[in-house]
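To keep things clear, I will list the structure first and then write my remarks on it.
Here is the naming used below: chain letters follow the sequence lines, and residue numbers restart at 1 for every chain. Everything numeric in this text was worked out from a predicted model, so none of it was measured.
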Amino acid sequence: MMEFKQSGHLDPALTDPATRKLRSDKLTGRWLNTNPDTQGIVECTIKQDGELFIVDVFCAGLDCPIHWPTCRTHPLANLEEEAGQRTFALSATFGFEFMTAETYIRVNKGVLVIVLFASFRDGSKRSDYVNREFFYRP
Amino acid sequence: MEFVQLCDRVEIDGVAGPLDVAALSGVWINSNPDTNGIARMEFSDAAGELSVRVHGIGPDGLIDWGLAPVRLFAASPKSRATAGFTCTYDFGFAETRLQAMIMKGLIVLAQFHKFKDNSERMEFFVREYFAVVHDRY
């Protein structure tokens, strides 16, 4: 008997080989922020490399977008998305000396959604904060 | 001040205090009565440290996950009102990371489940909605 802390831990889909082969093309590609005036993430590109996904984000800077360090991450099965969509979601963490940005990335009805949790450790008195932005395929 | 996106380029006047946690207080119930994930969450404040007690739903009823300390998040670097939280449960056989946003009176809870046993279960992601229990109506 497998251990569990919720019934979801026992979902047969989690051990179904087909789950590991869910379509990734809904996630991969180049995505632009739906808000052209964003002061956060401007652009995101997602590529698949075997079992890993490679996430690059570019954020609004003073003169040009700032390329954050590339993140390589494992996919998570996203079994209960709205409208019965089954796909992958990603969890990507970007580390800087003064700040860590923990994100989760998912696609819902063709829109990429990035939720970002920023934690500061530089004594700047800035609050840790959470932000959500939406992206479309150009 | 260091920044890697313009929205982080802010100056904070005065002394930064703890975030206002009023938005999280109370008992939160899953909006989906048929969930097979998390049924309820209760927040408690002890000595200025906020914790959450999660109850999952199992085949035979509620499963108490115990208390976990939460890290609080505002809606912007300048805000002092809580707009989200994160915490982690390590069950030994699995680790569950919770990342939550408060939106329009709901907690939108993202769950990341990673298995550490040899059950070959794939890591998975679930998003659920929670409403605070109240007696106003």
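- Atom CG of N118(B) sits in a sparse spot, with 12 or fewer heavy atoms from other residues, nucleotides or ligands closer than 6.0 Å.
- Under a hydrophobic-cluster definition in which Ile, Leu, Val, Met, Phe, Trp and Tyr are linked whenever side-chain heavy atoms come within less than 4.5 Å, directly or via other members, F43(B) and L62(B) are assigned to different clusters.
- Neither the backbone nor the side chain of P65(A) comes within contact range of chain B; no heavy atoms are under 4.5 Å apart.
- Only the backbone of A118(A) comes within contact range of chain B, judged by heavy atoms closer than 4.5 Å.
- A search for side-chain hydrogen bond (donor to acceptor under 3.5 Å, both in side chains) contacts involving R53(B) returns D64(B), not counting sequence neighbours.
- Heavy-atom distances place the side chain of T86(B), and not its backbone, under 4.5 Å from chain A.
- Distance alone, capped at 3.5 Å, places no donor-acceptor pair between the T15(A) side chain and the R121(B) backbone.
- I114(A) and L32(A) fall into different hydrophobic clusters, where Ile, Leu, Val, Met, Phe, Trp and Tyr side chains are chained together by heavy-atom contacts under 4.5 Å.
- Contacts of residues 41-59 of chain A with chain B at a heavy-atom distance below 4.5 Å involve I41(A), C59(A), listed in sequence order.
- Of all heavy-atom pairs spanning F120(A) and P77(B), the tightest one is CE1-CB, 4.5 Å.
- Against chain B, the residues from residues 126-134 of chain A that qualify, each with a non-hydrogen atom under 4.5 angstrom away, are R126(A), S127(A), D128(A), Y129(A), V130(A), R132(A) in number order.
- Proximity to chain B involves both the backbone and the side chain of H9(A), based on heavy atoms less than 4.5 angstrom apart.
- Closest heavy-atom contact between Q5(B) and G40(A): OE1-CA, 3.1 Å.
- Proximity to chain B is limited to the side chain of L116(A), based on heavy atoms less than 4.5 angstrom apart.
- Contacts with chain A were tallied for I57(B), I12(B), I63(B), V4(B); V4(B) has the most, counting heavy-atom pairs under 4.5 Å.
- Side-chain atoms of H113(B) and Q6(A), non-hydrogen and from C-beta on, do get closer than 4.5 Å to each other.
- For F85(B) against F117(A), the heavy-atom pair with the smallest separation is O-CE2, 4.0 Å.
- For V126(B), the part lying under 4.5 angstrom from a heavy atom of chain A is the side chain only.
- Contact of I38(B) with chain A is made through backbone and side chain together, with heavy-atom distances under 4.5 Å.
- Criterion: ILVMFWY side-chain heavy atoms under 4.5 Å apart, direct or through other members. Under it, I66(A) and F135(A) are part of a common hydrophobic cluster.
- Interface residue Q111(B): only side-chain heavy atoms are found under 4.5 Å from chain A.
- If you take CG on D34(B) and OG on S7(A), they are separated by 11.5 Å, rounding to the nearest 0.5 Å.
- Using a 4.5 Å heavy-atom threshold, the side chains of F124(B) and D11(A) count as separate.
- To the nearest 0.5 Å, the span separating CZ on F98(A) from CZ on F3(B) amounts to 8.5 Å.
- Ranked by heavy-atom pairs under 4.5 Å with chain A, the first of E11(B), M103(B), K78(B) is M103(B).
- When each of H74(A), E97(A), E102(A), M99(A) is scored by its heavy-atom pairs under 4.5 Å with chain B, the top score falls to E102(A).
- L10(A) and P59(B) make their closest contact through CD1-CG, 4.2 Å (heavy atoms, listed as atom of the first residue, atom of the second, distance).
- Among residues 93-101 of chain B, the residues having any heavy atom closer than 4.5 Å to a heavy atom of chain A are, in sequence order, F93(B), T96(B), R97(B), Q99(B), A100(B), M101(B).
- Of the listed residues F91(B), F112(B), F73(B), the one with more heavy-atom pairs under 4.5 angstrom with chain A than any other is F73(B).
- Here the closest heavy-atom approach between residue S119(A) and residue R71(B) is recorded as OG-NE, 3.3 Å.
- Between K5(A) atom NZ and W65(B) atom CH2 the span is 9.0 Å, to the nearest 0.5 Å.
- L67(B) and V52(B) end up in different hydrophobic clusters when Ile, Leu, Val, Met, Phe, Trp and Tyr side chains are linked at under 4.5 Å.
- Counting heavy-atom pairs closer than 4.5 Å to chain A, the top-ranked of the candidates E120(B), R9(B), E123(B) is E123(B).
- With a 4.5 angstrom heavy-atom cutoff, F96(A) touches chain B only via side-chain atoms.
- No side-chain heavy atom of L76(A) sits under 4.5 Å from any side-chain heavy atom of K114(B).
- I29(B) and F130(B) are assigned to two separate hydrophobic clusters, defined by single-linkage of ILVMFWY side chains at heavy-atom distances under 4.5 Å.
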- request: Show the numbers, then the answer: is there a side-chain contact (heavy atoms from CB on, under 4.5 Å) between L14(A) and F115(B)?
  value: CA-CA 10 Å; L14(A) 299 176; F115(B) 296 98; 4.0 Å; yes
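- At a 4.5 Å heavy-atom cutoff, the contact between A89(A) and chain B is made by side-chain atoms alone.
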